[in-house]
Amino acid sequence: MRSVRKCFLVFLLAVLIGLPVWSLEAAPPDQTGPSLADLHKAKGQNCKSCHGESMKVDDNESGVNAQCASCHGSLADLGAKSKHDINAHKSHLGQINCTACHHGHVASKPYCLNCHTFDMKIPGSTAKTGIERKIVRKDPTRDRADVVVIGAGAAGFTAAITAHDAGANVILLEKMPITGGNSMLSAGGMNAANTQFQAKKNIKDSTDLMFTDTMKGGKNINNPELVRILAEKSAESVEWLTSLGADLSDVGRFGGASVNRIHRPTGGSVIGAHLIGVLRKNAEDRKIDIRVNSKVVELLRDADGKVTGVQVEGKHRGLYVIEAKAVVIAAGGFSANAQMVEAFKPEFAGMTTSNQPGAQGEGMKLGEAAGGQLIDMKEIQIHPTVAAGSRILITEAVRGNGAILINREGKRFVNELTTRDAASAAILKQTGKSAFLVFDDSIRKSLKQIDGYFHLDLVKEGATVEELAKAMGVPADALKASVDAYNAAFDAKNDAEFKRPDLPRAIRTPKFYAIEVKPGIHYTMGGLKIDTLTRVINKDGAPVPHLYAAGEVTGGVHGANRLGGNSISETITFGRIAGATAAKQATGK
Ligand code: MEZ
């Protein structure tokens, strides 16, 4: 069934992009095929057909993309034409450039394949003979901005929008071909205390409780001043996002939280794509200058050490300078940089990651080279539930909504709502260093994003618990006994064996399901030291003038272990502070 679907998808992509289907007849992977430029030439196009009369391509590749859309239809048009479940043209990546996947002169590669393992061939994907661009050019013209923000994930977008709204002229830079960063992959939600949405559900929370949970989760090495801000401004941050058009009305429970505190879209849908869609739209509506394919290679400083701008490597423009009165680094963590992970945490060598490929730690290096201090670098979080053999995070919300963890012997082995480090350590002690998330149809229906795991063929199922055990390859009597014992604990409202603090649903409603999971590198708690105004702090404890940072690139908020839901919370709250402080610095207002 899966291969039929894949063949269909390949065929569909060919038809949608207007190419003869023969061009997709999969050349074996080791065989060189025509590039997209060759395919266009074969159809009577020339260079100017894609590049325009001027033959100039900007780093956003806007002209080329407009040209793709004018011939083939917009991403939305192409997406709407497809009725297929897995559809690259209407994926969670949102409104992205055609050229993020379809390259003219080098082998095309679906962006999805950075994280997924679909056998997805697209026109030109076997090309090997294209022109690899090596940037040697320098553009001597200089751009100017009040505030430059590095990294277009949730923290970067938030800082850019806030700085713009405070009256600053802003340039937002993103090295990847698409905006969104890791935030776009965020599954779970955003922690906040004392919100209108908690009040509507009669949830009694307080900023003190959020503070205490976060400190405890971080093993008390967090910076308490930053944690206080995280908790106290969290409800305001939810309101801010709501005012921009976000839906954070569903509230659930995650590990380490004393109450239901994680906010997400209605029905428990995935938060990241929704949030980035809202932030992107708000940035675009404000006409903020957003530049993708634009990597910052150096922070510029004057003789006093004040940051005065950035040197950018644009994919097409080459090296150029943007002079800025303030710079905000919001470039994320280093979970996808295997060498860095291994250097700071040798025991995590070779582990998969849930992160997008851009999470390379470059923002930390930039900040350090400009005088900033790096802290807590060895504090690296593994998330207990990455789907085995993939990079797909199975959100903690599945456990939060009632799933249990089962080992290959068919037994429960841990309180599923413990912190991530404890749950991961417990899984790594099991046979095969993996486990199964087991749930039933009531849990499936309680959380929309679970449907996504079915679409991705990650779920095994059975009409009875015994049938499920067969599909999982675990002893049926043991699995049945574990599920029965869990249901008895649910009825008694007391999990005496593992002390799970919240038992929201029994596992009784057929069908029954399981997803095999393994821990994967998920988050890097360390990074640039900041103060409560998000100023980057140097080794002597003084701020690096005119340099700010927010989000995963910083250290201190999460200490030794981040609680689920605190990352989006941090990006919004500290992104807002960074945007406001940088704008004030730049405009004097
Ligand atoms: O904050 C996170 O990392 C998170 C909510 C992840 C998840 O399990 O969904």
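The basis for the numbers below is simple: all heavy atoms, side chains too, and nothing from hydrogens, waters or symmetry mates. Atoms within a ligand are numbered from 1 in the order they appear, just like the ligands themselves.
- Evaluated for a side-chain hydrogen bond (donor to acceptor under 3.5 Å, both in side chains) with His263, the options Thr195, Asn191, Thr242 yield exactly one hit, Thr195.
- Summary of contacts: the protein heavy atom closest to atom 5 (C) of ligand 1 is Phe254 CE2, 3.2 Å.
- Looking at Ile568 against ligand 1, nothing comes within 4.0 Å, counting heavy atoms.
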**Report entry** Lys295 vs Glu362, salt bridge (Lys or Arg N to Asp or Glu O under 4.0 Å): CA-CA, chis, key distance, verdict
**Finding:** CA-CA 10 Å; Lys295 177 175 167 167; Glu362 284 142 335; 3.2 Å; yes

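- Between Tyr523 and His558, the two ring planes are perpendicular [angle over 60°; tilted spans 30° to 60°].
- For the pair Ser567 and ligand 1, the shortest N or O to N or O distance does not fall below 3.5 Å.
- Of all atoms in ligand 1, numbered sequentially from 1 with element shown, those under 4.0 Å from a heavy atom of His383 are 6 (C), 7 (C), 8 (O).
- Annotation for ligand 1: atoms under 4.0 Å from non-hydrogen atoms of Gly564 are 1 (O), 2 (C).
- Atom numbering of ligand 1 starts at 1 in the shown order; those under 4.0 Å from a heavy atom of Arg562 are 1 (O), 2 (C), 3 (O).
- Using cut-offs of 30° and 60° on the angle between ring planes, the pair Phe344 and Phe334 is tilted.
- Looking at Ser206 and Asp208, their side chains never bring a donor and an acceptor atom within 3.5 Å of each other.
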Query raised in the report: Stepwise, does the side chain to side chain donor-acceptor pair (under 3.5 Å) test hold for Thr214 with Asn566?
Result: CA-CA 8 Å; Thr214 303; Asn566 270 352; 3.2 Å; yes

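- Heavy-atom proximity to Glu396, at under 4.0 Å, picks out these atoms of ligand 1: 7 (C), 8 (O), 9 (O).
- Set against the non-hydrogen atoms of Ala187, the atoms of ligand 1 under 4.0 Å away are 9 (O).
- Between Gln449 and the choices Ile271, Thr395, Ile394, the side chain to side chain contact (heavy atoms under 4.5 Å, CB included) rule is met once, by Thr395.
- Selection from Arg420, His558, Glu570 by nearest heavy atom to atom 6 (C) of ligand 1 gives Arg420.
- Within ligand 1, counting atoms from 1 as listed, the ones closer than 4.0 Å to a heavy atom of Gly565 are 1 (O), 2 (C), 5 (C).
- Among protein heavy atoms, the minimum distance from atom 9 (O) of ligand 1 is reached at Thr395 OG1, 2.6 Å.
- Close contacts of ligand 1 with His522, meaning ligand atoms under 4.0 Å from a residue heavy atom, involve 2 (C), 3 (O), 6 (C).
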Query raised in the report: Should Glu225 and Thr532 be marked as a side chain to side chain donor-acceptor pair (under 3.5 Å) after you check the CA-CA gap, both sets of side-chain angles, and the distance that decides it?
Result: CA-CA 7 Å; Glu225 281 186 321; Thr532 53; 5.5 Å; no

